[in-house]
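Read through the structure below, which is laid out as structure tokens, and then see the notes.
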Amino acid sequence: MTSFTRSARPADTLTRDALAVLQPGFTGTTAPDWLLRRLGEGLTSVGLFGRNVADPAQLAALTARLRAEQDDLLVAIDEEGGDVTRLEVRGGSSFPGNHALGAVDDTALTRAVARELGRRLADCGINLNWAPCADVNSDPANPVIGVRSFGADPHLVARHTTAYVEGLQSAGVAACTKHFPGHGDTAVDSHHDLPRITVDLDTLHTRELVPFRAAVAAGTRAVMSAHILLPALDPDRPATLSPAALHGLLRAPVAEGGLGFDGLIVTDGMEMQAVSATYGLARGSVLALAAGADALCVGGGLADEDTVLRLRDALVRAVHDGELPESRLADAAARVRALAHWTRSAGEGVAPAPGIGLTAARRALRLTADGPYEPLTQPAYVAAFTPLANIAVGDDTPWGVAAELARLLPGTGTTTCTADSAAAAGPAALIDGLLAAAGDRRVVAVVRDVHRHPWMADALHALLAARPGTAVVEMGVPQSPPRGTPHLATHGAARVCARAAAEALTGRRIPTAEG
């Protein structure tokens, strides 16, 4: 490794800079003493997760307490809307996700949804959102992006990424466009392993990078790097740790073939196995800063003071040992502080847009049927074919249409079918039991990315053979809907998507304050 001159800067300055580049998490709905103490010592960012959120009033009080220790503070959250929500982790999101917005393909609607989402975040004291996903979902088998993407067309993704960035930042919340240089063409989840994307540079520039160029042009304040290996760009290191990806592509001037981005580069979670299993948390963090990252996201899993101190000390030691240029650490810390300062005065006076999320979810619905669809008028029976949720979504957020259907049709029942239950019983026995429980009630089958789960496809096929005319609701990425039965695509599993689906299935509106 290249050796750099040892630092002559005061130790306290190095320590404050090392703390400034961390975006740690914590547990609980109140700020722990250790976190407040580190804010006074230079920590400039905090990451929030579902475990930190009870309700808007509690969240606003929490962020106010944090800012009592550090006024210029980035409070970040992963609030994509749709399947990935932290504000409404236990009830489901009031906003459809990217795939639904891409299905509507109305950039004014996307901008309005992002603006209202940003307004709600700002009201809770949050000023950095780890969103939007600008990934082009080019691989239908993708286990971690899917409905988090606006779609498979790079230009559609680009125009909606632009609209989302503009809407979110007009509310005073910095956008963090992710996952650079594009996590869409992989069937591997970087939470668990290192994805390898073998496209050539021409494909990278004409597909993956198109939305990121649009986001930079739209003024996105931050970009999040992906833990993915692109051998055409760097055969050895994933993008988060690659100078070729961060400095040589994202930062490089447009005239030199780069994106010309001058904002904050944030890493994806450093505990994710794609980095930590190979390089280790501390070593990976040093390499990421040296490669050009400015802020290290950590805390989704390791949310304790020891982790913060370990990373702080690793960065300081790397400067002293000549492995990390002191100017690089200082530059990264300055970028974090600059963004925290920008958000103090941005986005005041945004008018609420109640019901915009439900409006968008209704517009995203796509119903296909071979003949006229007969709405449900009596209690139904919902079979939810439930896959394991990926880590980004989490398993705390409810999904499906049973609860919303029961509001319109009291007496509606439900059962959950999983890969384990299907394997234990076999498709035929599983469906026999389901139909016995359903009785004379019409069955609604709810699936999520059925094309990615052979067990789910087999069980659904057995159900449709036994009970023709069963309505199928796909709440993931729709692929090749079954013929001869009503098929409803919601393009996501947000609560408002479920509500819109229940309305479509019954031909009735659910009276709510959302519209």
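Counting from 1, the numbers follow the sequence of the chain as shown.
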Practice task
Would you mind reporting whether Val336 and Ser45 have side-chain heavy atoms less than 4.5 Å apart?
Solution key: yes
Exercise for the section: If the plane angle is over 60° it's perpendicular, under 30° parallel, otherwise tilted; pick one for His183 and His179. Expected result: perpendicular
Completion exercise
Shortest non-hydrogen pair, Ala504 vs Tyr373, comes out as O-CE2, 3.7 Å
Handout entry: Backbone of Cys124 reached by a side-chain donor or acceptor of Thr63 within 3.5 Å
Key = yes
Practice task
Check whether any side-chain N or O of Arg366 sits under 3.5 Å from a backbone N or O of Arg363 as a donor-acceptor pair, and report yes or no.
Solution key: yes
Problem - Sub-4.5 Å side-chain heavy-atom contact between Arg196 and Ile228 - result: no
Practice task
Output yes when Arg328 and Asp294 qualify as a salt bridge under the 4.0 Å nitrogen-oxygen rule, no when they do not.
Solution key: yes
Problem - Thr177-Thr220 side chain donor-acceptor pair, cut-off 3.5 Å - result: yes
Exercise for the section: May I ask you to say whether Arg148 pairs ionically with Asp135, meaning some side-chain N is under 4.0 Å from a carboxylate O? Expected result: no
Practice task
Report yes or no: does His491 contribute a side-chain atom to a donor-acceptor pair with the main-chain N or O of Ala364 at less than 3.5 Å?
Solution key: yes
Exercise for the section: Could you tell me whether the side chain of Ser149 and the main chain of Gly146 form a donor-acceptor pair under 3.5 Å? Expected result: no
Exercise for the section: Ignoring hydrogens and angles, tell me if any N or O in the side chain of Glu271 forms a donor-acceptor pair with the backbone of Gly299 under 3.5 Å. Expected result: yes
Completion exercise
By side-chain hydrogen bond (donor to acceptor under 3.5 Å, both in side chains), Asp153 pairs with (sequence neighbours left out) none
Completion exercise
Distance col, row Arg119:CZ vs Ser170:OG, nearest 0.5 angstrom, shows 11.5 Å
Problem - Any donor-acceptor N/O pair, Thr359 side chain to Gly355 backbone, under 3.5 Å - result: yes
Exercise for the section: Can you measure from CG (Leu460) to CZ (Phe385) and round to the nearest 0.5 angstrom? Expected result: 6.0 Å
Problem - NE2/His451: more than 12 non-hydrogen atoms of other groups inside 6.0 Å - result: yes
Problem - Salt-bridge contact Arg335-Asp262 (side-chain N to carboxylate O under 4.0 Å) - result: yes
Handout entry: Counterpart residues, salt bridge (Lys or Arg N to Asp or Glu O under 4.0 Å), relative to Asp78 (two or more places apart)
Key = Arg86, Lys178
Practice task
Measure from the side-chain N and O atoms of Arg90 to the backbone N and O of Val53, and report whether any donor-acceptor pair falls under 3.5 Å.
Solution key: yes
Handout entry: Pair His227-Asp268, side-chain donor/acceptor within less than 3.5 Å
Key = no
Exercise for the section: Not counting sequence neighbours, list each pair that qualifies as a salt bridge (Lys or Arg N to Asp or Glu O under 4.0 Å) and has a residue in residues 157-176. Expected result: Asp105-Arg159, Arg111-Glu166
Exercise for the section: Would you check if the side chain of Tyr164 reaches a backbone N or O of Asn98 as a donor-acceptor pair within less than 3.5 Å? Expected result: no
Problem - Within-4.5 Å side-chain heavy-atom neighbours: Val298 and Gln23 - result: no
Problem - Any donor-acceptor pair under 3.5 Å from Asn142 side chain to Asn137 backbone - result: no
Exercise for the section: Using only heavy-atom distances, determine whether the side chains of Arg495 and Ser94 contain a donor-acceptor pair under 3.5 Å. Expected result: yes
Handout entry: Pairwise side-chain contact, Leu121 with Glu79, heavy-atom cut-off 4.5 Å (strictly under)
Key = yes
Problem - Pair Arg213 + Glu208: basic N to acidic O under 4.0 Å - result: no
Handout entry: Side chain to side chain, Leu156 and Phe150, heavy atoms closer than 4.5 Å
Key = yes
Problem - Straight-line distance of Thr240 OG1 to Met272 CE, nearest 0.5 Å - result: 8.0 Å
Exercise for the section: Please lay out, stage by stage, how His487 and Leu367 fare under the test side chain to side chain contact (heavy atoms under 4.5 Å, CB included). Expected result: CA-CA 6 Å; His487 183 272; Leu367 175 63; 6.0 Å; no
Practice task
Could you tell me whether the side chain of Thr85 and the main chain of Gly81 form a donor-acceptor pair under 3.5 Å?
Solution key: no
Exercise for the section: Compare all side-chain heavy atoms of Val275 with those of Arg283 and state whether any distance is below 4.5 angstrom. Expected result: no
Problem - Salt-bridge contact Arg120-Glu116 (side-chain N to carboxylate O under 4.0 Å) - result: yes
Fill in the blank from the handout: dist Leu315:CG -> Glu323:CD (nearest 0.5 Å) comes out at 11.0 Å
Handout entry: Interatomic spacing from CG in Asn127 to CH2 in Trp342 - rounded to 0.5 Å
Key = 8.5 Å
Handout entry: Gap between atom CG of Leu209 and atom CG of Leu204 - 0.5 Å precision
Key = 4.0 Å
Handout entry: Heavy-atom pair of closest approach, residues Ser138 and Asp185
Key = OG-CB, 3.3 Å
